[in-house]
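Okay, so here's the structure we're looking at.
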2 protein chains.
Amino acid sequence: VEASFVARCACLGLLLEVSAYPKPGNVDRLHDFPGTVYEHFLASAVAVYPVLEEAALGGGGGVGSFILRAVSESVAWQKGGNTHFGAFTLLLPLVMAAGRVESLEGLRGEACRVVWAAGVEDAVDFYRAFSMGGVKVRPLEGEFDLRRGVDSVDLGLFSLMEVASGWDLVAREWVEGFPRSFRAADNIAQMAEERGIRDAVVGAFLEQLACEPDTFIETKAGRDAALWVMRGAGEVLESWREGCRERVEEFDCRLLARGLNPGSSADIISAGIFIALLGGLRF
Amino acid sequence: VEASFVARCACLGLLLEVSAYPKPGNVDRLHDFPGTVYEHFLASAVAVYPVLEEAALGGGGGVGSFILRAVSESVAWQKGGNTHFGAFTLLLPLVMAAGRVESLEGLRGEACRVVWAAGVEDAVDFYRAFSMGGVKVRPLEGEFDLRRGVDSVDLGLFSLMEVASGWDLVAREWVEGFPRSFRAADNIAQMAEERGIRDAVVGAFLEQLACEPDTFIETKAGRDAALWVMRGAGEVLESWREGCRERVEEFDCRLLARGLNPGSSADIISAGIFIALLGGLRF
């Protein structure tokens, strides 16, 4: 698929994700976080465009180097800190794969080949991106401890993701072959026909959130909090399907008040919108 | 200036313009129009990225051809119709100029040279873009009548803009050397330091609106309506400067209720944000 088409789908995916609302717990067009506001996400999504395009073109460099460059552009263009670390980690292999395939049917298989090939150099770049982005996630421990510095890395990035998949949804997508991202894409494409793109993104987000605990919440606030959010999402999902926004808005307020932001689920939705746009979704 | 830097500044300029609020009378993150919603503007802003980049690279083609290609990408990526016709008409010469100069000091002079050189071929492309975009503005009359078809064009685009400058702010910018866009850029850069990017865009918009009648309103609703909006903007501008948002929100409601949308002023603000970002504004 043509690189500029791929890059535009990815950039617009990031923009539509952050713009959807009511989107429980995360930054959206109506809700900022202290120090990180909606406009930081807009700037970051545009900042990475050249990196997305080059990744789709298949120029030199592994997936780790593209993630590092994406984070580097993101933080150079806005002062809100880590806006898209997880989203880039998920999107870049998909973007690279999209640039390599003739049609969408091959996308998933190719994305798996990209992540399987992610080696030690990619891990070093990923660690560098990690520090640069000021990411707040659970550090790897023991022999994988980030604090030991990048010189001590001797495991490939895919292997590291296998380790991290125990506590991180994005890592789980890498290891399992992106099932959540493709499921979200199907949901979004279908719901967009019925209710428009805005509600489709919210609906897909709630479905993902109701499916399994958000690992960004789990890392920051513990498993109980993540389970509470998951159950809450399941409860409001039914109302949402019936066209009632109020309960979702209430749920959003409760999450914001408790500082619970389902960042990993949002990353998956960004990837899902990207895949849906790539598949021809227009609105 | 590097093409991908220029293109990102232009794309982000479009996004920040449409996202600013309360922004009296126009589509923003809180207000859609029937058939044209906020997401259409997001999609259109991303859709034109490759055209912006190529215009900055200085590849073949005059300013008319880049405007035509921008409109063509915009309508291919979203179904909301004309989102950015005026903004593209204003931005493209500035983008082309930015790609040609070493530093920002030469930007204004170079942009003038770009528009002065816009000839008959550019006019033909501009007319084509006009039809494609489904633009609702005052048609040229008599010998410039668009309805006579593009084959009858025998005046250059700059000359057409001189004619249109009587009733169109964007044409006036072309003819006068972009004074409003550069003034808006200065306002935005200064206010962003004090109040952040979001309020800076709103403030610059109100200042432009209070300065002279918006010609998009004038064309659609007449001179009295445009003067009424201009005076109203002047009245709420003082409150805005003192940090009071409520009067601006009320003014927004009044404009929306009367269907008065100051599209030409918004175009100038997009160009202003672009120039400010190009000059190094970060937030």
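Chain identifiers are assigned alphabetically (A, B, ...) following the order of the sequence lines, protein sequences preceding nucleic acid strands; residue numbering begins at 1 within each chain. On a predicted model such as this, the values are computed, not experimentally measured, just so you know. FYI, side chains are in, hydrogens and waters are out, and symmetry mates aren't considered; it's all heavy atoms of this structure.
The salt bridge (charged side-chain N to carboxylate O under 4.0 Å, His left out) pairs that include a residue from residues 80-90 of chain A number zero, where partners must be two or more places apart or lie in different chains.
Residue A/Ile197 touches chain B through its side chain alone, counting heavy-atom pairs closer than 4.5 Å. With a threshold of 4.5 angstrom between heavy atoms, A/Ala7 does not approach chain B through any atom at all. Looking at B/Ala76, only its backbone comes within 4.5 Å of chain A, counting heavy atoms on both sides.
Scanning for side chain to side chain contact (heavy atoms under 4.5 Å, CB included) contacts around B/Leu57 gives B/Ala3, with sequence neighbours left out. For A/Ala55, the side chain to side chain contact (heavy atoms under 4.5 Å, CB included) partners two or more places apart in sequence, or in a different chain, are A/Phe66, A/Leu92, A/Val95, A/Met96.
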Record all donor-acceptor atom pairs with a distance under 3.5 Å between chain A and chain B; write none if the list is empty.
residue	atom	partner	partner atom	Å
A/Arg8	NH1	B/Ala47	O	2.7
A/Arg8	NH1	B/Glu73	OE1	2.7
A/Arg29	O	B/Arg29	NH1	2.7
A/Arg29	NH1	B/Arg29	O	2.8
A/Arg29	NH2	B/Glu39	OE2	2.6
A/Asp32	OD1	B/Arg198	NH2	3.2
A/Asp32	OD2	B/Arg198	NH1	3.2
A/Asp32	OD2	B/Arg198	NH2	2.9
A/Tyr38	OH	B/Tyr38	OH	2.6
A/Glu39	OE1	B/Arg198	NE	3.3
A/Glu39	OE1	B/Arg198	NH2	2.7
A/Glu39	OE2	B/Arg29	NH2	2.6
A/Glu39	OE2	B/Arg198	NE	2.6
A/Ala47	O	B/Arg8	NH1	2.7
A/Glu73	OE1	B/Arg8	NH1	2.7
A/Lys79	N	B/Phe283	O	2.7
A/Arg198	NE	B/Glu39	OE1	3.3
A/Arg198	NE	B/Glu39	OE2	2.6
A/Arg198	NH1	B/Asp32	OD2	3.2
A/Arg198	NH2	B/Asp32	OD1	3.2
A/Arg198	NH2	B/Asp32	OD2	2.9
A/Arg198	NH2	B/Glu39	OE1	2.7
A/Phe283	O	B/Lys79	N	2.7

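Residues A/Leu15 and B/Leu42 approach most closely at O-CD1, 4.2 Å, considering heavy atoms. In this structure, B/Cys11 and A/Val46 approach most closely via the heavy-atom pair SG-CG2, 3.9 Å.
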